[in-house]
Amino acid sequence: MSQDIKAHLAELLQAALKSVAPDHADTPIALERPKQESHGDFAANVAMQLARALKKNPREIAQQLVNELPASPRVEKVDIAGAGFINFTLKADAKTAVVATVLGQGSAYGRSSVGGKQKVQVEFVSANPTGPLHVGHGRGAAYGASLSSLLAFAGWDVTREYYVNDAGRQMDILAVSTWLRYLDLFDVKVPFPPNGYQGDYVRDMAKQVKDAHGNKYLRGAAEVVAGAPDVEADKEGHLDALIANAKNLLGQDWSYIHQHALSEQLADGKDDLEEFGVHFDVWFSEKSLFDTGLVAKCVERLEKGGHLYVQDGAKWFRSTAFGDEKDRVVQRENGLFTYFASDIAYHLNKFDRGFDKVINIWGADHHGYIPRVKGALKALDQDEAKLQVALVQFAVLYRNGEKAAMSTRSGEFVTLRQLRGEVGNDACRFFYVLRKSDQHLDFDLDLAKSQTNENPVYYIQYAHARVCSVLKQWSEAGGDEAELAAADLSLLAHPRELAVAARLAAFPEVIDSAAADLAPHQVAFYLKDLAADFHSYYNAERMLVEDAALARSRVALAAAVRQVIHNGMTLLGVSCPASM
RNA sequence: GCGCCCGUAGCUCAACUGGAUAGAGCAACGGCCUUCUAAGCCGUAGGUUGUGAGUUCGAGCCUCGCCGGGCGCGCCA
């Protein structure tokens with residue numbers, strides 16, 4: 001007999017099905033927890049699903065199934081309701097048994113093996129290291145971290161990865177911006193380009209360079225801007241000319257400035273994320289793909305496969321053959337590979353590392369990018385279905401009912417660090433995953449930082465703190481937590497106690513569902529429901545009653561609630577204080 | 001213009017992947033602190049799920065057409 005109650009009921013139905021409709025004995029049995037209490041603890045719709053195939057009234061099929069249902073010591077009664085639902089009501093002790101399970105399994109309760117130890121890579125954030133992370137990155141970070149924890153908890157072997165764009169033009173722009181600020185410290189007046197990085201952190205890096213190496217990189221204003229087109233007429237060309245001049249004038253030293261800016265910004269982002277509870281196993285360098293020749297090799301492979309053609313001096317990938325809207329350039333007229341080319345190489349590298357599943361977490365503005373990447377993988381004979389892209393919509397910050405802007409280049413943005421400082425890590429992590437990821441997020445600053453009952457994160461933490469308080473007092477009165485596992489659970493019969501127990505029992509199902517849907521918000525909503533059930537019970541019934549056996553049973557239930565809140569909040573990266 | 005995503009209570013969002021009478025929180029209104037934390041609880045009110053059709057035992061979810069919003073359509077990343 002199956003330990004899991006849901007599996008147990010499915011087995012009962014399967015047995016009945018075998019005699020009622022032998023030809024359809026392999027019909028998958030779906031069991032759900034009805035929203036309405038009067039519909040019992042579990043409902044099956046198998047009779048309705050078979051109605052067409054058997055050409056019979058669903059209620060009639062349901063009746064036959066119920067007649068053939070093997071007896072079970074855990075089932076109180078079975079009803080047929082509605083259009084043909086089979087509703088199971090469990091015996092009280094079958095419901096409360098979960099308390100012992102939770103206390104026995106502790107932090108492992110809810111852990112699942114559906115992932116089958118398969119290797120999955122989750123790549124997220126991957127912001128250009130050209131400045132501080134902002135609130136948009138924060139959502140990707142919170143979502144990716146929670147999703148990774150969730151998948152690990154569901155039995156996947158998870159690798160968390162950050163793709164470092166250390167090879168492109170954006171890094172060059174950051175480096176030249178730093179250099180120009182450095183020159184400014186020596187009163188070398190070069191007009192700062194409007195499309196350079198304006199933030200104060202660039203001046204900070206310039207000062208660091210000066211402090212460490214004095215005037216080693218000092219050059220004259222005239223040679224810095226030599227030959228550059230007018231900013232007004234061609235601002236991108238102007239900037240590119242400044243970069244080219246810098247590379248010429250500095251020679252080997254250019255790579256020092258470049259490297260310094262990169263490592264500073266990367267380290268800053270890393271610290272920021274670690275403080276946010278977001279950890280990565282791998283920091284993968286885009287530049288390494290060029291250094292190892294993988295980018296060139298990929299393009300070569302595509303060429304050999306007949307997927308490339310030359311037009312206007314550039315090499316194009318025929319992505320339209322794989323469902324893309326238009327073909328895409330992989331190698332420019334000037335010989336440089338595009339970002340797309342290195343991304344193909346990156347994804348091929350991912351697949352070569354043997355992941356069973358690869359999940360990219362991208363901003364929603366990249367959705368048009370998916371077909372070409374999948375197309376390229378297909379062209380390289382890879383199973384592109386292993387790649388799953390989770391799009392995260394923008395987070396819009398509201399302060400006093402007004403939007404806050406987020407442009408990295410202008411330097412006028414709210415950073416993740418500012419946000420964390422203002423509302424705290426817990427509220428941040430929780431608010432970010434309180435929405436479906438593909439839903440726009442209105443992040444209400446005033447609400448997130450309010451210490452009132454309007455703030456949902458405290459609601460759950462408060463339930464946890466209440467349990468801690470009860471347990472503390474129970475212990476001080478002579479209770480021993482070690483005895484809780486042996487509590488007499490048959491004493492738990494109050495409807496609110498059974499409701500809490502049912503909620504606890506649903507936790508593993510929530511984990512499986514949330515992991516399958518890549519939807520950590522389901523965990524957040526579950527925790528709100530669990531906290532609500534507990535608060536409701538807490539208000540209705542006293543736990544530390546005089547009857548010692550009863551008190552022990554109730555405390556055991558409360559302790560199980562605390563454990564599940566803790567397990568769930570840990571997945572979301574939110575702390576659970578013992579007192580508030 | 002073409003493609004993708006979205007539209008659910010006054011506001012912010014759920015809805016077990018097609019199931020029963022569409023649910024929470026906030027805001028509004030009315031109650032509950034001499035007893036384990038009132039950051040809490042109990043109750044009332046709030047809806048033609050943008051709209052019109054279609055598919056079937058059954059649609060917020062699937063199909064198509066409109067209306068409204070977001071994003072994308074670079075030899076940028």
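Only heavy atoms go into these numbers, but all of them, side chains included; no hydrogens, no water, no symmetry mates. In what follows, chains carry the letters A, B, and so on, assigned in the order in which the sequence lines appear, proteins first and then strands, with residues in each chain numbered from 1.
- Listed in residue order, the members of residues 466-478 of chain A having a heavy atom less than 4.0 Å from RNA chain B are A/R466, A/S469, A/V470, A/Q473.
- Taking the side chain of A/M48 as heavy atoms from C-beta on, and the options B/C36, B/G3, B/G19, the nearest nucleotide is B/G19.
- Of the candidate nucleotides B/A38, B/A20, B/G74, B/A38 has the atom lying nearest to any side-chain atom of A/Y462.
- When both pairing distances are held under 3.5 Å, B/C76 makes no Watson-Crick or G-U pair with any nucleotide shown.
- The distance from the CG atom of A/L544 to the CG atom of A/L471 is 8.5 Å, given to the nearest 0.5 Å.
- One P atom belongs to B/U34, the other to B/A45, and the distance between them is 29 Å to the nearest Å.
- Checking B/A77, B/U37, B/A20 against every side-chain atom of A/Q170, the shortest atom distance belongs to B/A77.
- Taking atom C1' in both B/G25 and B/C66, the straight-line distance is 34 Å, to the nearest Å.
- Side-chain proximity of A/Q522 to B/G19, B/A15, B/C75: nearest is B/A15.
- With hydrogens and angles left out, the side chain of A/D365 and the base of B/G72 share no donor-acceptor pair within 3.5 Å.
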So which protein nitrogen or oxygen atoms get under 3.5 Å of nucleotides 4-13 of chain B's nitrogens or oxygens?
residue	atom	partner	partner atom	Å
B/U12	O2'	A/R435	NH2	2.3
B/C13	OP1	A/H440	O	3.2
B/C13	O5'	A/R435	NE	2.9

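- Of the inter-residue distances, the one linking A/L65 atom CG with A/I61 atom CD1 reads 7.5 Å to the nearest 0.5 angstrom.
- Between A/D240 and A/R169 there is a salt bridge, since at least one side-chain N of the basic residue sits less than 4.0 Å from a carboxylate O of the acidic one.
- Using a 4.0 Å cut-off between charged nitrogen and carboxylate oxygen, A/K315 and A/E303 count as a salt-bridge pair.
- A/S536 has a side-chain polar atom (N or O) that falls below the 4.0 Å cut-off from OP1 or OP2 of B/C42.
- For A/H366, no side-chain nitrogen or oxygen approaches OP1 or OP2 of B/C73 to under 4.0 Å.
- Distances shorter than 4.0 Å separate none of the side-chain N or O atoms of A/R372 from OP1 or OP2 on B/G3.
- Under the Watson-Crick and G-U wobble criteria, each requiring two contacts below 3.5 Å, nucleotide B/U44 is paired to B/A28.
- In this entry B/A20 has no Watson-Crick or G-U wobble partner, no candidate having both defining distances under 3.5 Å.
- Summary of the strand contacts: A/Q331 and A/G82 both lie near RNA chain B, and taking for each the nucleotide with the nearest heavy atom, the more 5' one is attributed to A/G82.
- A 3.5 Å limit on both hydrogen-bonding distances identifies B/C71 as the Watson-Crick or G-U partner of B/G3.
- Between A/F534 and A/Y537, the two ring planes are perpendicular [angle over 60°; tilted spans 30° to 60°].
- Look at B/C33: its glycosidic torsion is within 90° of 0, and that puts it in the syn range.
- In this model, the phosphate group of B/G74 is not approached by any side-chain N or O of A/R332 to a distance below 4.0 Å at OP1 or OP2.
- For an aromatic pair to be called close, the ring centres must be under 6.0 Å apart, and A/F443 with A/F431 satisfies this.
- Figure legend. B/C66 is base-paired to B/G50; pairs are counted as Watson-Crick or G-U wobble with both atom distances under 3.5 Å.
- Salt-bridge formation is detected for the pair A/R552/A/E483: a Lys NZ or Arg NE/NH1/NH2 atom is positioned less than 4.0 Å from an Asp or Glu carboxylate oxygen.
- Between the base of B/A20 and the side chain of A/N87 there is a donor-acceptor pair shorter than 3.5 Å.
- Not one side-chain nitrogen or oxygen of A/Y458 sits closer than 4.0 Å to the OP1 or OP2 atom of B/A39.
- Look at the C1' atom in both B/C29 and B/G72: the space between them is 47 Å, to the nearest Å.
- Side-chain proximity of A/N128 to B/A77, B/A39, B/G19: nearest is B/A77.
- When the P atom is compared between B/G58 and B/A20, the two are found 14 Å apart, to the nearest whole Å.
- Nucleotides B/G50 and B/C61, compared at atom P, are 8 Å apart to the nearest Å.
- Here the separation of B/C62 from B/C26, taken at their C1' atoms, is 33 Å to the nearest Å.
- In the set B/G40, B/A20, B/C75, the nucleotide with an atom closest to the side chain of A/V329 is B/C75.
- In this structure, A/Y459 reaches the B/C41 phosphate: one of its side-chain N or O atoms is under 4.0 Å from OP1 or OP2.
- The only option from A/K95, A/K77, A/R33, A/K6 that meets the salt bridge (Lys or Arg N to Asp or Glu O under 4.0 Å) definition with A/D41 turns out to be A/K95.
- The aromatic ring centres of A/Y432 and A/Y143 sit 6.0 Å or more apart.
- Of all nucleotides present, none satisfies the Watson-Crick or G-U wobble test against B/A59 with each distance under 3.5 Å.
- Remark: ring of A/Y538 not stacked against base of B/G40; the cut-offs of centroid gap under 5.5 Å and plane tilt under 30° are not jointly satisfied.
- The A/M580 side chain lies nearest to B/A39 when the options are B/G19, B/A39, B/A77.
- Annotation: B/A9 and B/G54 have their C1' atoms spaced 28 Å apart (nearest Å).
- A gap of 45 Å separates the P atoms of B/C67 and B/C41, to the nearest Å.
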